[in-house]
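Shown next, in structure tokens, is the structure this report addresses.
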Amino acid sequence: MSLKSRKLPYSLAINEAIHQMMEMDKAVFLIGQGVKSPWYVGNTARGLMEKYGPQRVIDTPVSENAITGAAVGAAIVGMRPIVVHPRMDFMLYALDPIINEAANWHYMFGGKSSVPVVIWGIINRGGEQAAQHSQALHALFSHIPGLKVVMPSTPYDAKGLMISAIQDNNPVVYIDDRWLYTLEGEVPREAYSVPIGKGAIRREGRDVTLVAASYMVIESLKASEELKNDGVDVEVIDLRSVKPLDETLLFESVKKTGRLVVVDGGWKTCGIAAEVSARVSENIFEYLKAPVYRVTLPDVPAPASCVLEKEYYPDSKTIVNAVKGVLGG
Amino acid sequence: MGKYSKEFLKRLYKSMVRIRVCEESFVEPILRGEVQCPVHLYSGQEAIAAGVCSALTEQDYIFGSHRSHGHYLAKGGGMRELVAEIYCKEAGCSRGRGGSMHIIAPEIGMVGSAPIVAGTIPLALGAALASRIREEKRVTVSFFGDGATGEGVLYESLNFAALKKLPIIFACENNFYSTHMPIRECRPENNISKIAKPFCIQGYRVDGNDVLKVYETSKKGVEMCRRGRGPVFIELMTYRLRGHVGPDDNIQGSHTDIRSRKEIERWKKKDPLGRFEKYLIKNGVLTGKSIDTIKKEIESEVKDAHDFTRNSRYPGKEELTRYVFKE
Ligand SMILES: Cc1ncc(C[n+]2csc(CCOP(=O)(O)OP(=O)(O)O)c2C)c(N)n1
Ligand SMILES: [Mg+2]
């Protein structure tokens with residue numbers, strides 16, 4: 001790690017990435033609801049309006065479809081826009097420009113035109129906000145050919161993946177989680193990138209492989225500490241990119257441990273956990289000593305009542321139980 | 001004044017007071033952290049819900065948004081079920097699954113409210129379409145804010161409603177702000193009612209803090225819709241007296257209330273409730289004393305709703321997966 005690193009919260013790591021990229025490249029601009037207000041996007045947009053002005057930091061009316069389309073169009077003609085959706089739920093109005101246009105564009109024109117856009121969707125849940133203000137839709141976007149989907153879990157990755165997403169010549173869906181915003185970690189001062197499609201081992205272990213992304217990495221690490229007390233040695237893999245998936249890292253780990261628990265903050269059916277599980281079964285089935293376990297949200301919309309929320313969101317306890325299950329305990 | 005019976009005016013007044021007192025009863029519980037879900041208070045906009053809904057019958061439909069407690073109460077929704085929902089209790093109108101932003105009372109024509117901006121506009125369009133197919137006299141009202149005029153689906157809905165002459169009233173509550181954005185930063189033209197014209201829809205622009213004006217315009221709109229001369233667009237100019245979400249955004253730390261003190265004070269003078277009270281006293285409909293009686297009566301209804309809520313249970317965690325599908 002860089003000598004010049006220091007601790008930053010996750011949200012300010014994103015902020016620093018945007019500052020540095022806007023400084024380095026005039027083609028980069030930020031557009032979306034709330035970029036001039038701390039309410040919507042936390043402090044991720046801090047100081048940008050003051051520094052780069054309303055020409056390149058554009059707060060918008062409530063028009064997700066048009067604004068996302070505009071970002072895609074600007075990308076097609078050579079800009080590198082970041083379009084932010086302060087909640088992923090609001091992004092559903094923009095499925096057409098994201099899926100029909102941006103994702104397909106390069107392919108359907110035989111590679112003659114590309115779309116270097118970052119579609120930034122924030123997961124913002126809990127607090128009894130209920131079904132339309134809590135959704136984690138990364139699996140939905142991962143399903144689409146032509147889209148890359150990243151989900152950083154640390155401040156270091158939050159910055160490095162934002163920079164990679166901006167520099168990538170394809171549409172990248174960058175998904176962060178408000179539950180991570182105050183998490184602090186080492187972040188180098190200079191601009192650097194974290195490669196898209198490369199996972200990371202957060203904890204080495206021999207008994208069980210725990211795979212997670214975004215906020216669920218934190219819960220998985222907590223679970224691995226608890227399990228250590230029970231004599232279970234867990235390896236924790238942070239996917240960082242949910243698409244493309246880092247198969248090499250995943251397979252090496254499962255070959256070593258023979259046991260896999262996939263943890264995801266999205267729903268179960270057709271989710272990322274299902275995808276990870278399928279890849280392992282297809283490719284290295286013979287190494288598995290037990291069936292793969294999934295820890296996900298149930299196939300239920302987000303409830304309001306805090307009593308139901310508590311039951312709804314998996315945490316380290318749910319993960320500990322799953323690991324014990326896969327160990328036959 | 002002669003146009004209206006005292007009974008009618010009293011009912012209209014009570015409808016507004018019910019909303020105000022009920023809304024204000026959440027302020028302390030929110031600040032104390034007892035109410036956790038996001039609450040968008042309707043205080044200051046009561047004349048609109050009360051005025052529009054008093055032009056409707058129980059058979060008519062309404063759809064709402066994130067700020068719909070007032071619509072629900074004015075249409076005739078039960079206060080106990082509203083308060084219980086805001087506390088996310090099982091006895092709430094959405095059984096604690098929805099919270100403040102998901103209020104419903106299908107039995108009295110409050111078909112649903114949900115917080116995706118403009119999300120329920122096409123649903124209201126569909127309800128009006130259903131009335132047309134079923135050859136009913138029912139009218140549907142779609143309530144939405146000035147912020148929703150940024151969403152394309154509004155214009156698609158206006159066009160289709162006009163094309164099929166559907167019995168729908170587009171009721172746009174223009175409180176001049178969409179979260180942290182003043183209207184001038186959202187639209188080049190602040191007269192919203194003008195968007196009706198290109199779709200050959202009759203558009204009205206009225207003082208949304210004058211309950212009788214709201215009622216009269218709504219009544220006219222409803223009659224047009226019933227006679228097959230819909231749709232109708234009504235812009236209702238108003239102001240929220242509380243924060244975008246919760247009692248005061250700035251005090252709660254989200255700093256979205258960028259409105260100046262002076263502006264807020266100016267609008268407080270146009271409080272629809274105070275204005276209507278003055279009118280009623282001046283015209284001999286109510287006295288200071290009868291106003292007090294009404295307020296006491298409503299305060300005790302609100303207290304009862306909170307007591308009811310306090311004594312009711314949360315949804316059982318074993319019921320998490322219930323209601324995903326209709327069995
Ligand atoms: C599709 C969508 N985008 C953004 C939001 C966030 N949001 C919640 S309320 C609101 C502003 C609504 O303003 P307006 O329609 O004028 O209603 P008001 O709050 O003034 O009553 C916004 C942008 C949302 N709920 N849905
Ligand atoms: Mg508004």
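Scope of the values below: all heavy atoms of this structure, side chains included, with no hydrogens, waters or symmetry mates. To find a chain, count down the sequence lines: A is the first, B the second, and so on, and within it residues start at 1.
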Next on the checklist: Set out, in order, the CA-CA distance, both residues' side-chain angles and the distance that settles side chain to side chain contact (heavy atoms under 4.5 Å, CB included) for A/Asp59 and B/His180, then state yes or no.
Outcome noted: CA-CA 10 Å; A/Asp59 211 323; B/His180 64 296; 2.8 Å; yes
Item to check | Verdict with supporting geometry, B/Lys317 and A/Lys310, side chain to side chain contact (heavy atoms under 4.5 Å, CB included) | outcome: CA-CA 8 Å; B/Lys317 62 178 188 194; A/Lys310 222 165 149 239; over 6 Å; no
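With A/Tyr93 contributing its side chain and B/Val153 its backbone, the two residues share no donor-acceptor pair below 3.5 Å. With hydrogens and angles ignored, the 3.5 Å screen pairs a side-chain donor or acceptor of A/Gln132 with a backbone N or O of B/Ile116. The backbone N or O of B/Gly150 lies less than 3.5 Å from a partner atom in the side chain of A/Ser63, making a donor-acceptor pair.
Heavy atoms of other residues, nucleotides or ligands lying less than 6.0 angstrom from CZ of B/Arg261 number 12 at most. Annotation for B/Glu318: atom CD counts as buried by contact number, over 12 foreign heavy atoms lying within 6.0 Å.
Using a 4.5 Å cut-off between heavy atoms, A/Glu309 makes no contact with chain B at all. If you measure heavy-atom distances from B/Ser178 to chain A, the contacts under 4.5 Å come from the side chain alone.
Residues B/Arg97 and A/Ser305 are not in side-chain contact: their nearest non-hydrogen atoms beyond the backbone lie 4.5 Å or more apart. Residues A/Gln129 and B/Pro38 are in side-chain contact: their nearest non-hydrogen atoms beyond the backbone lie under 4.5 Å apart.
With chain A as the partner, the residue from B/Gly119, B/Ala148, B/Cys37 showing the most heavy-atom pairs under 4.5 Å is B/Cys37. Comparing A/Pro303, A/Ala66, A/Gly127 by heavy-atom pairs within less than 4.5 Å of chain B, the highest count is held by A/Gly127. Between chain B and the residues A/Val300, A/Asp299, A/Val62, the most heavy-atom pairs under 4.5 angstrom are made by A/Val62.
Heavy atoms only, all atoms of each residue included: A/Thr60 and B/Met181 are closest at O-CE, 3.6 Å. The nearest pair of heavy atoms linking B/Val324 to A/Pro301 is CG2-CD, 4.0 Å. Taking both residues in full, the closest heavy atoms of B/His102 and A/Ala131 are given as NE2-N, 4.4 Å, listed atom of the first, atom of the second, then distance. Residues A/Glu311 and B/Leu320 approach most closely at CG-CD2, 3.8 Å, considering heavy atoms. Annotation for A/Ala304 and B/Gly98: closest pair CB-C, 3.5 Å, computed over non-hydrogen atoms. The shortest non-hydrogen separation linking A/Val307 to B/Pro315 is CG1-O, 3.5 Å.
Considering CG of A/Leu308 and CZ of B/Arg95, their distance stands at 12.5 Å, rounded to 0.5 Å.
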